[in-house]
Colleague: 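Here it is, the structure in full.
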Amino acid sequence: MGYDFSKIEKHWQKYWAENKTFKVDIEHGKPKFYVLDMFPYPSGAGLHVGHPLGYIASDIYARYKRHKGFNVLHPMGFDAYGLPAEQYAIQTGTHPEITTEKNISRYREQLDKIGFSYDWDREVRTSDPAYYKWTQWTFIQLFNSWYDKKSDKAEPMEKLIALFESNGNSEIDAAGDMTDLFSAEEWNSYNEKQQQEILLHYRLAYLSDTMVNWCPALGTVLANDEVKDGLSERGGHPVEKKLMRQWSLRITAYAQRLLDGLEKVEFSDSLKEMQRNWIGRSEGASLVFRLKTPPQPSPRGREQDTHQKQGATPSILPRGEDLGGVKVFTTRPDTLFGATFMVLAPEHELVERIVTPENRKKVMEYVTWTKNRSERERMTEVKKVTGVFTGAYAMNPFTEKEIPIWIADYVLSGYGTGAIMAVPGHDSRDFAFARHFGLPIIQVVSRKGETPSAPSGWETSYDSKEGVMINSGFITGLSVKEAIPATIRKIEEMGIGYGTTNYRLRDAIFSRQRYWGEPFPIYYKDGIPYPLPENELPLRLPKVDKYLPTESGDPPLARARNWVTKEGYPLEINTMPGFAGSSGYYLRYMDPHNSEEYFSKEANTYWRNVDLYLGGDEHAAGHLIYARFWNKFLFDIGLACEEEPFKKLINQGKIQGRSSFVYRIQGTNKFVSYNLRKEYQTQLLHADINMVDNDVLDVEAFKNWMPEYRDAEFILEDGKYICGHEVEKMSKSKHNVQNPDELIEKYGADTLRLYEMFLGPLEQDKPWDTNGIEGVFRFLKKLWRLYFNENDLLIVTDEKPTGAELKVLHKTTKKIQSDIERFSFNTGVSAFMICANELTDLKCHKSEILTPLAVLLSPYAPHIAEELWKVLGNSPSISSAPFPDYDEKYLTENTFDYPVSFNGKMRFKLSLPVDMPKDEIEKAAIEAEAAKKWIQGKNVRKVIVVPKRIINVVVG
RNA sequence: GCUCGAGUGGUGGAAUUGGUAGACACGUUGGACUUAAAAUCCAAUGGGCAUUGCGCCCGUGCGGGUUCAAGUCCCGCCUCGAGUACCA
């Protein structure tokens, strides 16, 4: 019978479930450790072998930490809201809840077969009202908060209102887009609606007219991170810009703290870099260019500086005053003397007010043209220079010269102020624009030691921050580094601007025009949003007759009957986006059944935050930023005790598919084997990897695969049909999907776990190839033979182990421990193989060696470890057994086999005592018999001896 | 374009601090066992030259450099992957 994995695994999985082996509770006397996997969206396709990779790694770590005496929180749940179930609902009418429920059971079944040590009693599902109650609750807290830059944290709205009532808003420095000033008297004279509208400009969850990514095919708005290359991330549908009234979260208020927090967490450098790029901090100056002729009055009657999000310093640029100019942001204020024109984004609200009558037609045509271009078009035609002159002029504040104002779509309305001062000499985009339209180019920075040449002869601009200022009035002669602060001081003195910092990060658009998501706990009275009272949560997702928008284009929730409050006020009809539920789930695991609070203070102060978080790097810009923001907010309001939610994060690499190909001779039903394909005109076709073993095609299986291949003929080589192969994304259409259930059926979960780890470094992408799995399966069978003979009789003895046997055990213990601690699971598996090989060679069947070995193995292969642990007479479960210690004394050797090199090339080995003095080693090496040949006829110039490493003899 | 990461046998990969390149495994070849197959076990396996023996030369994407010693450090390229994309 031998190693009967199927029986063993079923038995122990049942045992763990029945005994709740992995259930955890707060134990104040024990140190905690929180190991978390990014919870999955349960798709209809089930798990393929790529999904559990990270789960296996984290499970090994969690089990290891348990052996090391930690109280380990290792939960799992489901990110249950999502588009696929809803798309399916639209097609079939099946409620997404039913589809989701079904997919979750399938996931759960598959996960259980792999033997994870999750505490399933803590499972959360984002679509469960008991869970989303707290998502809604957090939204209300965000709605009821504003960001005070003075205290640098979120504060309650009551405090803000009190300040308005006593002093107006002139002393308030809040994150947001509020530019109008009002006094206490004015505030107190406003009616409810006016006040509420003003408050929306401060709230951390706010409603506003925003330029959004509208995806017509999905019928919804998407966040920036959900759009890739102008297409929706899910489904790849075109996305366009549209102005819509939407909920947003004021994540920009946290930009600097999100950036600073990266210093305190252990994420990979590349991931931190991605987050830094996404936040996109840049330092510079904001300043106003006076217009030559004042602009037409704003159609809205008052100046609304919608672009300035990061706030002005009121003493320099009084908010609310009609600036009569164009406000720009620049990171290179030093080049101000080189600003020869200005460019506004076509959407800039000043465009209509400054355009001269003779240019109006051309300008409006351009604005319309840019508006109608899709995002994708705009992105692919980046190189094409387009723009129109408005006819208006501004004054360069330093040169006092008038400079023309253009509009062009290379200036983005969403960044900075939506307007720029163009310095064609030192910015490549401005340079290209100036060249194209024949605008003047002035050089104001010169490379050190170079004589300036006429810009008319230049091929590119000089963009570097290295150099000396020329043609620049009072800063001429200064270096760029000196000139930047000097310029900022000057513009601040002149009262036309100030030094400031800009972020690329945008507020997160938080509404979706979809059904399958959290309803907003919001109702409208007189068109103004109000939160529901907390005791009315959760606001449950209503039933609808169809999952489509209404005839009038409203989202699906508008179809719900009685979608109103008790008092009859209409409820919000948008739902929350996918990242709402995933932004705080790790906190809920700490206290998942609490119906009174999100989580208790006790649970939070015990579990604190996630010690190890594992997941894919596709969440770098989305989930991981939102969750950090969410957590920081909860920290500000005193709920979360840690400011950063994830202490250490590891991104597991993707498992790629390895596709198999057959070669069909064109126009025939004849297939030619891989190495003969060059002799024919062939067509490359995917063959299902399940019909291919070690690149050899099962011809009969292939014929039966699809009717069109029934009569296929084959040109073989050596009697076999050899397939070609290539590494591609694992997908159904490429017929290269490997399902874990089939492998577990054939080899068992322990083999699958070991093999997934053996494949290569955790963080690296790697191709899936089933061939190698035999190797780890053989290892487990070999290991089994250390404990049992061919007749299934236990052959473990109580004999005292030899020095050699102890050395194997202690060497392995040391290696396994250090490999787990540095997340090098692939080398860990090979260490087990080496250990089993060596113990087999030593014919070791001794309990003193084999009992601790079972514990070492248990994080990787828990089922077989439990079984061995039990047959050796221990009481279950092995999961709480202490991890064996290793003792260096068994590892030390009396002699060391020195590799002896001559001029750096290893020539022979020499066994010498480890405590031999250096000079004696040197002597021994030179006098060795084998050394003669290399020294002969040459002088020994130098001998390098590194004890217990190497001897290198330099001859010549 | 910019930023980050990676290039090692037929394949996945190892080499943790500059110190024996190719651990471990797959595959391949040969052998043992067997009526046969499977399973198992043993041996060989980077390339080349020599295989009468000891052996010798080359070799970690390419070209330089530092060092007694470089897959590892430095400089300059090439290729692939990821992110980002007019961010002023």
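The sequence lines fix the lettering, A, B, ..., with proteins before strands; numbering per chain opens at 1.
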Colleague: Do A:Y503 and A:W278 have ring centres separated by under 6.0 Å?
Modeller: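 Between A:Y503 and A:W278, the centre distance exceeds or equals 6.0 Å.
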Colleague: Quick check: on RNA chain B, is the nucleotide nearest A:L412 upstream (toward 5') of the one nearest A:V227, or the reverse? Name the residue that is more 5'.
Modeller: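 With A:V227 and A:L412 compared, the 5'-side residue is A:V227.
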Colleague: Specify whether A:F832 and A:Y860 have parallel, tilted or perpendicular ring planes, treating 30° as the upper limit for parallel and 60° as the lower limit for perpendicular.
Modeller: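 Perpendicular.
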Colleague: Would you say B:C58 has OP1 or OP2 under 4.0 Å from some side-chain N or O of A:K905?
Modeller: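 Checking B:C58 against A:K905, a side-chain N or O does come within under 4.0 Å of OP1 or OP2.
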Colleague: Would you please indicate yes or no on a ring centroid separation below 6.0 angstrom for A:F823 and A:Y61?
Modeller: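 Yes.
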Colleague: On a heavy-atom basis, which atom in A:I407 and which in A:V343 lie closest, and how many Å separate them?
Modeller: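 Heavy atoms only, the tightest pair is C-CG1, 4.0 Å.
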Colleague: Would you mind telling me which of B:A25, B:C68, B:U20 lies closest to the side-chain atoms of A:K942?
Modeller: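 Shortest atom-to-atom distance from the side chain points to B:C68.
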Colleague: What's the gap between B:G7 and B:U17 when it is taken at their C1' atoms, as a whole Å value?
Modeller: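 After rounding to an integer number of Å, I get 23 Å for this pair.
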Colleague: I need the CD-P distance between A:E763 and B:C4, as an integer number of Å.
Modeller: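 A:E763 atom CD is separated from B:C4 atom P by 18 Å.
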Colleague: Mind running a 4.0 Å heavy-atom check of residues 336-344 of chain A against RNA chain B and sending the residues that fall below it, in number order?
Modeller: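 Here the set is empty: none.
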Colleague: Pick base, sugar-phosphate or nothing for A:V946, based on heavy-atom distances below 4.0 Å to the nucleic acid.
Modeller: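 The answer is base, as A:V946 lies within the cut-off (heavy atoms under 4.0 Å) of a base atom.
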Colleague: Considering every strand and a 4.0 Å limit on heavy-atom distances, what is the contact class for A:I834: base, sugar-phosphate, or nothing?
Modeller: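 A:I834: backbone/sugar contact only, no base atoms under 4.0 Å.
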Colleague: Would you call the rings of A:W768 and A:Y755 parallel, tilted or perpendicular, where under 30° means parallel and over 60° means perpendicular?
Modeller: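 Geometry flag for A:Y755 against A:W768: perpendicular rings.
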Colleague: Would you indicate, yes or no, if B:A14 has its OP1 or OP2 atom less than 4.0 angstrom from a side-chain nitrogen or oxygen of A:N826?
Modeller: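 The answer is yes; a side-chain N or O of A:N826 sits under 4.0 Å from OP1 or OP2.
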Colleague: Given atom CE of A:M906 and atom P of B:G22, what is their separation to the nearest angstrom?
Modeller: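 Taking atom P of B:G22 as the reference, CE of A:M906 is at 8 Å.
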Colleague: Distances for protein N/O vs nucleotides 74-79 of chain B N/O pairs under 3.5 angstrom?
Modeller:
none

Colleague: By a strict heavy-atom criterion of less than 4.0 Å, which residues belonging to residues 266-276 of chain A are in contact with RNA chain B?
Modeller: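 Close to the strand are A:S270, A:E273, A:M274.
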Colleague: Separation of A:N502 atom CG from B:C86 atom P, in whole Å?
Modeller: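 These atoms are roughly 16 Å apart.
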Colleague: Taking the same atom, P, in B:A15 and in B:A25, what whole-Å distance lies between them?
Modeller: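 Taking atom P in both B:A15 and B:A25, they lie 16 Å apart.
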Colleague: Can you tell me the distance, in whole Å, between the CZ atom of A:F908 and the C1' atom of B:C54?
Modeller: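 One finds 15 Å between C1' of B:C54 and CZ of A:F908, rounded.
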Colleague: Is any side-chain N or O of A:K781 under 3.5 Å from a base N or O of B:U40, one able to act as donor and the other as acceptor?
Modeller: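 Such a pair does not exist between side chain and base.
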Colleague: Which ranges of RNA chain B pair up as stems, where a stem means three or more consecutive Watson-Crick or G-U pairs with both distances under 3.5 Å?
Modeller: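 Stems for RNA chain B, defined as runs of 3 or more consecutive pairs: B:1-7 with B:78-84, B:10-12 with B:24-26, B:27-32 with B:40-45, B:46-49 with B:55-58, B:61-65 with B:73-77.
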Colleague: Looking at A:F788, does the NZ or CZ of A:R785 lie under 6.0 angstrom from its six-membered ring centre and within 45 degrees of the ring axis?
Modeller: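 Cation-pi check for A:R785 and A:F788: fails.
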Colleague: What is the distance, to the nearest angstrom, from the CZ atom on A:R785 to the P atom on B:A39?
Modeller: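 Spelled out: CZ on A:R785 to P on B:A39 is 15 Å.
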Colleague: Where the side chain of A:Y410 is defined as all heavy atoms beyond and including C-beta, which of B:C86, B:U20, B:G19 is the nearest nucleotide?
Modeller: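 Closest nucleotide among those given: B:C86.
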Colleague: Quote, to the nearest angstrom, the C1' distance that separates B:U52 from B:G47.
Modeller: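 To the nearest whole Å, 24 Å.
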Colleague: Looking at A:E726 and A:R658, does any basic side-chain N land under 4.0 Å from a carboxylate oxygen?
Modeller: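 The answer is no: the pair does not qualify as a salt bridge.
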Colleague: Given that A:N952 and A:K815 both sit by RNA chain B, which one's nearest nucleotide is further toward the 5' end?
Modeller: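 That would be A:K815.
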Colleague: May I ask you to verify if any side-chain N or O of A:Q764 is less than 4.0 angstrom from the OP1 or OP2 atom of B:G13?
Modeller: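 Checking A:Q764 against B:G13: at least one side-chain N or O falls below 4.0 Å of OP1 or OP2.
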Colleague: Just to be sure I understand the rule, does A:S282 reach a base, reach only the sugar-phosphate, or reach nothing, if contact means heavy atoms closer than 4.0 Å?
Modeller: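 Sugar-phosphate, backbone atoms only, no base.
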Colleague: Looking for any heavy atom pair under 4.0 Å, which part of the strands does A:L759 touch: base, sugar-phosphate only, or nothing?
Modeller: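 If one applies the 4.0 Å heavy-atom cut-off, A:L759 turns out to touch the sugar-phosphate alone, with no base involved.
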Colleague: Between B:U40 and A:K782, counting only base atoms on the nucleotide and side-chain atoms on the residue, is there a donor-acceptor pair under 3.5 Å?
Modeller: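 Absent.
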Colleague: With the criterion being N/O to N/O and under 3.5 Å, what pairs connect the protein with nucleotides 26-29 of chain B, and how long is each?
Modeller:
| unit_1 | atom_1 | unit_2 | atom_2 | d |
| --- | --- | --- | --- | --- |
| B:C26 | OP1 | A:R778 | NH1 | 2.4 |
| B:G27 | O3' | A:N694 | ND2 | 2.8 |
| B:U28 | OP1 | A:N694 | ND2 | 3.4 |

Colleague: Which of the following nucleotides, B:U16, B:G13, B:C68, is nearest to the side chain of A:P761?
Modeller: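 Of the options given, the side chain of A:P761 lies nearest B:G13.
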Colleague: Between A:I816 (CD1) and B:C24 (C1'), how many Å, whole number?
Modeller: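 Rounded to whole Å, this separation is 12 Å.
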Colleague: Using atom C1' of each nucleotide, how far apart are B:G81 and B:G65 to the nearest Å?
Modeller: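 Those two atoms are separated by 29 Å.
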Colleague: Taking 4.0 angstrom as the limit, do A:E263 and A:R276 come out as a salt bridge?
Modeller: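 Counted as a salt bridge, because a side-chain N and a carboxylate O are separated by less than 4.0 Å.
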Colleague: Mind telling me if B:G76 is syn or anti? Syn here is a glycosidic angle within 90° of 0.
Modeller: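 Anti, angle beyond 90° from zero.
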Colleague: Roughly, in whole Å, what's the span from CD1 in A:I950 to C1' in B:U17?
Modeller: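 Computing the A:I950:CD1 to B:U17:C1' distance gives 15 Å.
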Colleague: Which of these nucleotides, B:A15, B:U84, B:C56, is closest to any side-chain atom of A:W278?
Modeller: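 Among B:A15, B:U84, B:C56, the one nearest the side chain of A:W278 is B:U84.
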Colleague: Tell me, do A:K932 and A:I935 make a side-chain contact under 4.5 Å, heavy atoms counted?
Modeller: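 A:K932 does not reach A:I935 side chain to side chain.
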Colleague: Under 6.0 Å between ring centres, would you say that holds for A:Y410 and A:F433?
Modeller: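 Close enough - the centres of the two rings lie under 6.0 Å apart.
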Colleague: Could you check whether A:N837 gets within reach of a base, just the sugar-phosphate, or nothing at all, counting any heavy atom under 4.0 Å?
Modeller: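 Sugar-phosphate, backbone atoms only, no base.
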Colleague: Which whole number of Å gives the distance between the C1' atom of B:G63 and that of B:A70?
Modeller: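 These two C1' atoms come out 16 Å apart once rounded.
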Colleague: Kindly point out which of B:A85, B:U20, B:G12 is positioned nearest to the side chain of A:R504?
Modeller: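 Nearest nucleotide to the side chain: B:A85.
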Colleague: Between A:Y462 and A:H426, what is the ring plane arrangement, given parallel below 30°, perpendicular above 60°, and tilted in between?
Modeller: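 It falls in the perpendicular class, over 60°.
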Colleague: Check the pair A:T827, A:F758 against side-chain contact (heavy atoms from CB on, under 4.5 Å), reporting the backbone distance first and the verdict last.
Modeller: CA-CA 7 Å; A:T827 53; A:F758 188 59; over 6 Å; no
Colleague: Would A:R907 pass as a cation-pi partner of A:W934, given that its NZ or CZ must be under 6.0 Å from the six-membered ring centre and within 45 degrees of the axis?
Modeller: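 Yes, A:R907 lies over the aromatic ring of A:W934.
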Colleague: Evaluate side-chain contact (heavy atoms from CB on, under 4.5 Å) for A:N502 paired with A:T331, printing each intermediate quantity in order.
Modeller: CA-CA 9 Å; A:N502 235 303; A:T331 55; over 6 Å; no
Colleague: With ring pair (Phe, Tyr, Trp, His ring centres under 6.0 Å) as the test, would you mind laying out the steps for A:F341 and A:W406 before giving the verdict?
Modeller: CA-CA 8 Å; A:F341 59 100; A:W406 287 64; 7.3 Å; no
Colleague: Distance check needed: B:U84 P versus A:L505 CG, whole Å only.
Modeller: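 Rounded to whole Å, this separation is 14 Å.
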Colleague: Would you give a per-nucleotide map of nucleotides 61-67 of chain B, 5' to 3', where B means the base has a protein non-hydrogen atom under 4.0 Å away, S means only the sugar-phosphate does, and - means neither?
Modeller: -------
Colleague: Is A:W934 touching bases, backbone alone, or none of the nucleic acid, heavy atoms closer than 4.0 Å?
Modeller: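 The residue A:W934 makes sugar-phosphate contact but no base contact.
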Colleague: Given B:A15, B:A23, B:C57, identify the nucleotide with an atom nearest to the side chain of A:R907.
Modeller: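 Within the option list, the nearest is B:C57.
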Colleague: Does B:G81 have OP1 or OP2 under 4.0 Å away from a side-chain N or O of A:K729?
Modeller: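 Checking B:G81 against A:K729, no side-chain N or O comes under 4.0 Å of OP1 or OP2.
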